[in-house]
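We number each residue from 1, following the sequence as shown.
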Amino acid sequence: MKNLRAQTDAKIAAGRKNNPNFMKGIDEIIAKAKDFEEGKNALKVGEKAPSFELPNAEGNLISLDVLLEKGPLVITFYRGDWCPYCNLQLRALQAKLNEIKALGASLVAISPQVPDGSLTKSEINEMDFIVLSDQNAKVASKYGVAWEVPEFMAEHMRVDRNLDLEKINNGNGSILPIPATFILSKNGVVAWNYVNVDYRTRSEPNEIIEALKKLS
């Protein structure tokens, strides 16, 4: 099986071939975002992670404190189950879940999508890790990884993909998380992170495994 980076690179290459104008526009947006250092306020290694309490797909509230009682925690922020890059990433994490658990850690994935009938049926929510709903990306903001989506991208999602993010998120459809992953030690301190405003590039699961090995 290809690693995640190879899978996302293949999807980017296909996008450049099939929709070159859109991908050129995304490249320009990402370049500007990097110039403005989007994501620079993300939690750093050694910082204490803000607490949270968020609903899962069934609407039950899950707190960070409860998650940390089990040991180290991998938190990944993703845009939603409508994002193909998110699906690639979370499937890759699912494939590594036994290794993550063997190292004494748990995995939680957080997006702005609200828990409703469609969310509980999604592929992501059938995976073997916890999925939480961060309405209006409030927790993502606390972790320094909330980003206001540029109109070029918002229009693409509305027009080309027929996505109503205000409905999907039951709130602000213009604020999404920068896809980011944090590893927290059992005392809630950031031990490792990966933050990249280019939503097409994600942390490699093997990098997470190696960071967990060092933590243990």
Side-chain angles (χ1 to χ4, degrees), residues 4 7-8 43 49-143 145-147 149 157-158 161-184 186 188 193-195 199 202-203 205 208 212:
L4 179 58
Q7 294 178 62
T8 53
L43 283 182
S51 61
F52 61 75
E53 189 175 58
L54 294 172
N56 62 13
E58 289 75 38
N60 300 317
L61 291 174
I62 307 292
S63 73
L64 176 61
D65 290 343
V66 168
L67 292 169
L68 288 172
E69 286 176 1
K70 302 174 184 177
L73 182 66
V74 180
I75 300 177
T76 191
F77 289 90
Y78 70 104
R79 304 197 304 160
D81 63 7
W82 48 267
C83 170
Y85 295 95
C86 296
N87 280 281
L88 284 176
Q89 178 196 20
L90 294 178
R91 281 198 293 267
L93 286 171
Q94 169 72 27
K96 292 288 185 179
L97 192 57
N98 286 340
E99 291 181 58
I100 291 172
K101 290 180 177 179
L103 291 164
S106 303
L107 171 65
V108 61
I110 301 175
S111 87
Q113 280 188 269
V114 292
D116 60 16
S118 63
L119 186 59
T120 57
K121 294 181 180 68
S122 77
E123 176 188 359
I124 289 172
N125 279 276
E126 292 175 356
M127 294 181 182
D128 298 323
F129 49 80
I130 298 169
V131 178
L132 300 178
S133 174
D134 177 24
Q135 192 171 12
N136 294 320
K138 290 180 179 178
V139 173
S141 181
K142 287 183 180 181
Y143 280 63
V145 293
W147 185 40
V149 177
M157 289 185 279
R158 282 195 310 268
R161 299 199 56 200
N162 197 29
L163 290 169
D164 184 348
L165 289 184
E166 287 188 7
K167 181 178 180 181
I168 291 170
N169 297 345
N170 191 30
N172 194 328
S174 64
I175 303 293
L176 291 175
I178 294 171
T181 301
F182 300 90
I183 294 178
L184 307 185
K186 60 183 179 182
N193 70 358
Y194 178 93
V195 180
Y199 67 89
R202 308 299 175 95
S203 55
I208 295 170
L212 286 171

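Checked by atom type and distance alone, the side chain of Gln135 never pairs as donor or acceptor with a backbone atom of Val114 at under 3.5 Å. With hydrogens and angles ignored, the 3.5 Å screen pairs no side-chain donor or acceptor of Asn170 with any backbone N or O of Glu166.
Remark: Phe52 CZ to Tyr143 OH distance equals 5.0 Å, nearest 0.5 Å. Interatomic distance, Ile130 CD1 to Leu67 CG, rounded to the nearest 0.5 Å: 5.0 Å. With rounding to the nearest 0.5 angstrom, the CD1 atom of Ile75 is 9.0 Å from the CG atom of Leu43. Leu212 CG to Ile100 CD1: the interatomic distance, rounded to the nearest 0.5 Å, is 6.5 Å. Atom-to-atom distance recorded for Arg79:CZ and Leu176:CG is 6.5 Å, nearest 0.5 angstrom. From Leu90, atom CG reaches atom CG of Asp81 across 9.5 Å, with rounding to the nearest 0.5 Å.
In terms of the side-chain hydrogen bond (donor to acceptor under 3.5 Å, both in side chains) criterion, Tyr85 has no residue partners (sequence neighbours excluded). The side-chain hydrogen bond (donor to acceptor under 3.5 Å, both in side chains) search around Thr181 returns Thr76, Ser203, not counting sequence neighbours. Annotation: side-chain contact (heavy atoms from CB on, under 4.5 Å) contacts of Leu68 (sequence neighbours excluded): Leu64, Leu73, Leu184. For the side-chain contact (heavy atoms from CB on, under 4.5 Å) test, no residue two or more places apart in sequence or in another chain qualifies with Asn162. Take Ser174 and apply the side-chain hydrogen bond (donor to acceptor under 3.5 Å, both in side chains) test, not counting sequence neighbours, and it matches Asn172. The side-chain contact (heavy atoms from CB on, under 4.5 Å) check on Ala140 picks up Phe77, Asp134, Ala137, Val145, Ala146, Pro177, with sequence neighbours excluded. For Glu99, the salt bridge (Lys or Arg N to Asp or Glu O under 4.0 Å) partners are Lys96, not counting sequence neighbours. By the side-chain contact (heavy atoms from CB on, under 4.5 Å) test, Asn98 is found to be paired with no residue, residues two or more places apart in sequence or in another chain being considered.
Scanning all heavy atoms of the two residues, the minimum distance from Phe182 to Val195 falls at CZ-CG2, 4.2 Å. Residues Arg202 and Cys86 approach most closely at NH2-SG, 3.3 Å, considering heavy atoms. Residues Gly104 and Pro72 approach most closely at O-CD, 3.4 Å, considering heavy atoms.
Checked options Val131, Leu132, Asn169; the residue passing with Gln113 is Asn169 (criterion: side chain to side chain contact (heavy atoms under 4.5 Å, CB included)).
Contact check for Ile208 versus Tyr194: no side-chain heavy atoms found under the 4.5 Å cut-off.
The salt bridge (charged side-chain N to carboxylate O under 4.0 Å, His left out) contacts involving residues 60-74 comprise nothing, where partners must be two or more places apart or lie in separate chains.
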